[in-house]
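What follows is a single structure, written as structure tokens, with notes after it.
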Amino acid sequence: LEWYGRALRAQPGDVNVLFNIAKAYQDLGRYEEAERIYARLPAHVEQIHRSSTSKTGVDEIFYNLSLVLKKQGKWAAWFKNHQQFAYVTSDSVLLALDGAMVSRFRGDVEGEKIHLSKLIALEYTSKETDILRAVLALLPYFDVTQESVLRLYRQFDHLMLEKVGAHHALKLALRAPGARLRIGYLSPDFRRHVMGYMMLEVRSRHATQNFDVYCYSLNSLEDDLSSA
């Protein structure tokens, strides 16, 4: 924040610097401060559109503002921001991501289907890897086919391999013929939590004659679901 402050003093009103300051506040959990800055930036939409050097996208501003409003439970302000978001840009994957969450909160089934269909059908680029990560984190809360989820995870795997480079195969000991494959899941939520309940079903879907399944808890909190 200190360095961004210096940059802002050197370039007062610079959209990129203001966005980075807001994002820093957001990452630090200082949502009210982030909100105040993000809320100022839509006034610079025309400046961003005209600029050939701006690294900040209009859709990033509106989407991040939605996130900080949602974090603070400011539902009406979040919904209003989404309406402005849709008015400014109608063809954005971040708009669809925000729209899927807004539609779920508002009970808008048709709107949810429209936004989800776009998120699922999209072929994501390397610049959209983080967006795809957010989509995959959202999908367990929606009714999406296993085939669609698998296709998106394969996209994510491909993009991450491009990003980090091909890795060498690990030299693991080969399983004895006929031995069961060992699968391990790690999570802090093997308890009375939405992920804990979902993992109960996931674990039950493995054919026990083919797999040995292990769940490793990353949390010291345990309850009756933890030992289920």
Side-chain angles (χ1 to χ4, degrees), residues 1-105 115 118-119 122-139 141 152 155-165 188:
L1 283 170
E2 180 183 347
W3 286 104
Y4 286 139
R6 292 183 184 182
L8 190 61
R9 287 192 290 273
Q11 299 175 287
D14 184 90
V15 173
N16 294 316
V17 177
L18 286 169
F19 178 85
N20 287 331
I21 293 173
K23 186 64 170 66
Y25 281 136
Q26 180 181 352
D27 292 342
L28 290 170
R30 295 164 63 174
Y31 300 121
E32 287 189 8
E33 292 160 289
E35 178 192 346
R36 283 197 291 270
I37 298 176
Y38 282 136
R40 292 167 50 190
L41 295 181
H44 300 276
V45 166
E46 291 302 321
Q47 174 190 337
I48 296 170
H49 282 317
R50 289 195 304 267
S51 175
S52 59
T53 58
S54 177
K55 297 179 181 179
T56 303
V58 174
D59 53 349
E60 293 176 283
I61 294 170
F62 280 101
Y63 179 71
N64 283 4
L65 179 54
S66 280
L67 291 180
V68 298
L69 290 170
K70 181 171 176 281
K71 280 287 187 180
Q72 297 175 87
K74 297 183 177 180
W75 315 123
W78 174 27
F79 301 155
K80 182 178 180 180
N81 180 66
H82 179 72
Q83 288 180 322
Q84 294 175 325
F85 192 175
Y87 178 78
V88 172
T89 174
S90 59
D91 187 28
S92 163
V93 63
L94 287 176
L95 175 64
L97 186 55
D98 189 39
M101 293 187 289
V102 167
S103 297
R104 171 56 61 91
F105 268 75
H115 293 302
K118 180 171 182 175
L119 294 173
L122 190 67
E123 292 293 330
Y124 292 84
T125 67
S126 57
K127 294 181 179 180
E128 296 169 329
T129 303
D130 288 338
I131 299 176
L132 178 54
R133 181 185 286 111
V135 172
L136 290 170
L138 187 67
L139 289 185
Y141 302 95
L152 290 175
Q155 279 195 58
F156 184 72
D157 182 58
H158 175 73
L159 292 173
M160 288 303 296
L161 284 176
E162 283 187 346
K163 184 176 181 179
V164 303

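Only a predicted model underlies this, so the values are computations on that prediction, with no experimental measurement involved.
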Sidechain-backbone polar pair: Glu162 side chain, His158 backbone, donor-acceptor under 3.5 Å | no
Leu69/Phe79 under side chain to side chain contact (heavy atoms under 4.5 Å, CB included): CA gap, chis, key distance, verdict = CA-CA 9 Å; Leu69 290 170; Phe79 301 155; over 6 Å; no
Is Asp91 close to Lys118 at the side-chain level, that is, under 4.5 Å between some pair of heavy atoms?
-> yes
For Arg36 and Tyr25, run side chain to side chain contact (heavy atoms under 4.5 Å, CB included): C-alpha distance rounded to whole Å, both residues' side-chain angles, the deciding distance at 0.1 Å, then the answer.
-> CA-CA 10 Å; Arg36 283 197 291 270; Tyr25 281 136; over 6 Å; no
Go through the structure and list residues passing side chain to side chain donor-acceptor pair (under 3.5 Å) with Glu32, not counting sequence neighbours.
-> none
Okay, side chain of Ser103, backbone of Ala100: is any donor-acceptor separation there less than 3.5 Å?
-> no
In this structure, NZ of Lys23 is separated from CG of Leu28 (nearest 0.5 Å) by 10.0 Å
To the nearest 0.5 Å, tell me how far His82 NE2 sits from Lys70 NZ.
-> 13.5 Å
With a 4.5 Å heavy-atom cut-off, do Leu97 and His115 have their side chains touching?
-> no
Quick one: closest heavy-atom pair of Ala34 and Ala22, and the distance?
-> CB-O, 3.4 Å
Report yes or no: does Tyr124 contribute a side-chain atom to a donor-acceptor pair with the main-chain N or O of Asp130 at less than 3.5 Å?
-> no
Can you tell me how far OH of Tyr38 sits from OH of Tyr31, rounded to the nearest 0.5 angstrom?
-> 11.0 Å
Whether Phe62 and Phe85 hold their rings parallel, tilted or perpendicular, with breakpoints at 30° and 60° | parallel
Hey, is the main chain of Leu18 close enough, under 3.5 Å, to the side chain of Arg40 for a donor-acceptor pair?
-> no
Thr89 versus Asp59, side-chain donor and acceptor atoms under 3.5 Å = no
Main-chain N/O of Ala77 paired with Asn81 side-chain donor or acceptor, under 3.5 Å | no
Find out whether Glu35 and Lys74 are in side-chain contact, i.e. whether some heavy atom of one side chain is under 4.5 Å from a heavy atom of the other.
-> yes
Side-chain heavy-atom pair Leu159, Phe156 within 4.5 angstrom cut-off = no
Inter-residue atom distance Leu119.CG - Leu94.CG, 0.5 Å rounding | 9.5 Å
Between CD of Glu60 and CG of Leu65, what distance do you get to the nearest 0.5 Å?
-> 13.5 Å
Atom pair CG (Leu67) and CD (Gln26), whose distance is rounded to the nearest 0.5 Å | 5.5 Å
